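Worksheet: one structure, shown below.
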Amino acid sequence: MMLLGALIKQVMRAQGTFVDAMNRRQPETGARIAEEAGRHGMDSKGFVADTMQRFMAAEDSESWTTIVGNIQRSEDPGFAFVETVMRKRLSHQCGH
């Protein structure tokens, strides 16, 4: 299992397999990511990277508390972390 810090760096660089994993595990969310990415003139990996960069630069302790709760209940904490950040942006609750 990859350390969370390494995963975050990978996602922020638009590397790794998160988008593919999302498309397999939750196709509806994967489609929403692709749609929103297109609206911003990006591909899905670029949109996920942009989202993670924004989150790491600006989010508050309340957001981190929510994410830590999701991670603790997950069998795949890294996926849960990135998924929670993405859901927040897709719901337009992140202010970015």
Side-chain angles (χ1 to χ4, degrees):
M1 184 178 293
M2 184 180 298
L3 295 175
L4 184 58
L7 175 65
I8 291 169
K9 286 180 184 177
Q10 190 179 64
V11 171
M12 288 174 64
R13 293 181 183 137
Q15 299 170 337
T17 61
F18 175 77
V19 171
D20 295 333
M22 178 59 74
N23 288 332
R24 275 191 322 276
R25 292 179 181 190
Q26 299 175 12
E28 291 176 10
T29 303
R32 289 184 61 212
I33 289 171
E35 180 181 332
E36 194 70 14
R39 286 184 352 94
H40 291 278
M42 301 179 202
D43 65 7
S44 292
K45 278 190 174 187
F47 181 71
V48 172
D50 179 68
T51 300
M52 189 60 62
Q53 291 165 8
R54 290 170 183 258
F55 177 85
M56 296 304 291
E59 290 305 320
D60 58 19
S61 60
E62 185 177 325
S63 294
W64 279 102
T65 300
T66 299
I67 286 174
V68 168
N70 288 348
I71 288 172
Q72 291 174 336
R73 293 185 298 273
S74 175
E75 291 181 25
D76 186 345
F79 184 87
F81 175 80
V82 179
E83 176 191 25
T84 301
V85 172
M86 292 310 303
R87 285 186 181 277
K88 186 171 183 175
R89 182 154 187 202
L90 291 171
S91 68
H92 303 287
Q93 293 178 3
C94 65
H96 304 296

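The structure presented is a predicted model; accordingly, all values stated were derived computationally and were not measured. Side-chain atoms are counted along with the backbone in the values below, which use heavy atoms only and exclude waters and symmetry mates.
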Salt bridge (charged side-chain N to carboxylate O under 4.0 Å, His left out) partners for R39, two or more places apart:
E36
Going by side chain to side chain contact (heavy atoms under 4.5 Å, CB included), name the residues that satisfy it together with A34, two or more places apart in sequence or in a different chain.
S44
Contacts of type side chain to side chain donor-acceptor pair (under 3.5 Å), residue T84, not counting sequence neighbours:
N70
Residue pairs passing the ring pair (Phe, Tyr, Trp, His ring centres under 6.0 Å) test with at least one member in residues 58-78, sequence neighbours excluded, are F55-W64, W64-F81
Looking only at heavy atoms, which two atoms of R87 and Q26 are closest? And how far apart?
NH2-OE1, 2.7 Å
With sequence neighbours left out, write down each residue that passes side chain to side chain contact (heavy atoms under 4.5 Å, CB included) with R13, or none if nothing qualifies.
K9, Q15
Taking side chain to side chain donor-acceptor pair (under 3.5 Å) as the definition, give me every residue that meets it alongside D50, ordered by chain and number, with sequence neighbours left out.
R54, R89
What pairs with A21 under side chain to side chain contact (heavy atoms under 4.5 Å, CB included), at least two apart in sequence or on another chain?
R24, F79
With distance as the sole test, does R32 use its side chain to make a donor-acceptor pair with the main-chain N or O of E28 at under 3.5 Å?
no
Suppose we screen for side chain to side chain contact (heavy atoms under 4.5 Å, CB included). Which residues come up paired with A14, at least two apart in sequence or across chains?
K45, A49
Single-linkage hydrophobic cluster M56~L7, side-chain heavy atoms < 4.5 angstrom:
yes
Minimal non-hydrogen separation, S74 against P77, with atom names
OG-N, 3.8 Å
M86 side, atom CE; T29 side, atom OG1 - distance, nearest 0.5 Å
9.5 Å
Can you measure from CD (E83) to CG (L90) and round to the nearest 0.5 angstrom?
10.5 Å
Not counting sequence neighbours, which residues clear salt bridge (charged side-chain N to carboxylate O under 4.0 Å, His left out) with R25? List them please.
D76
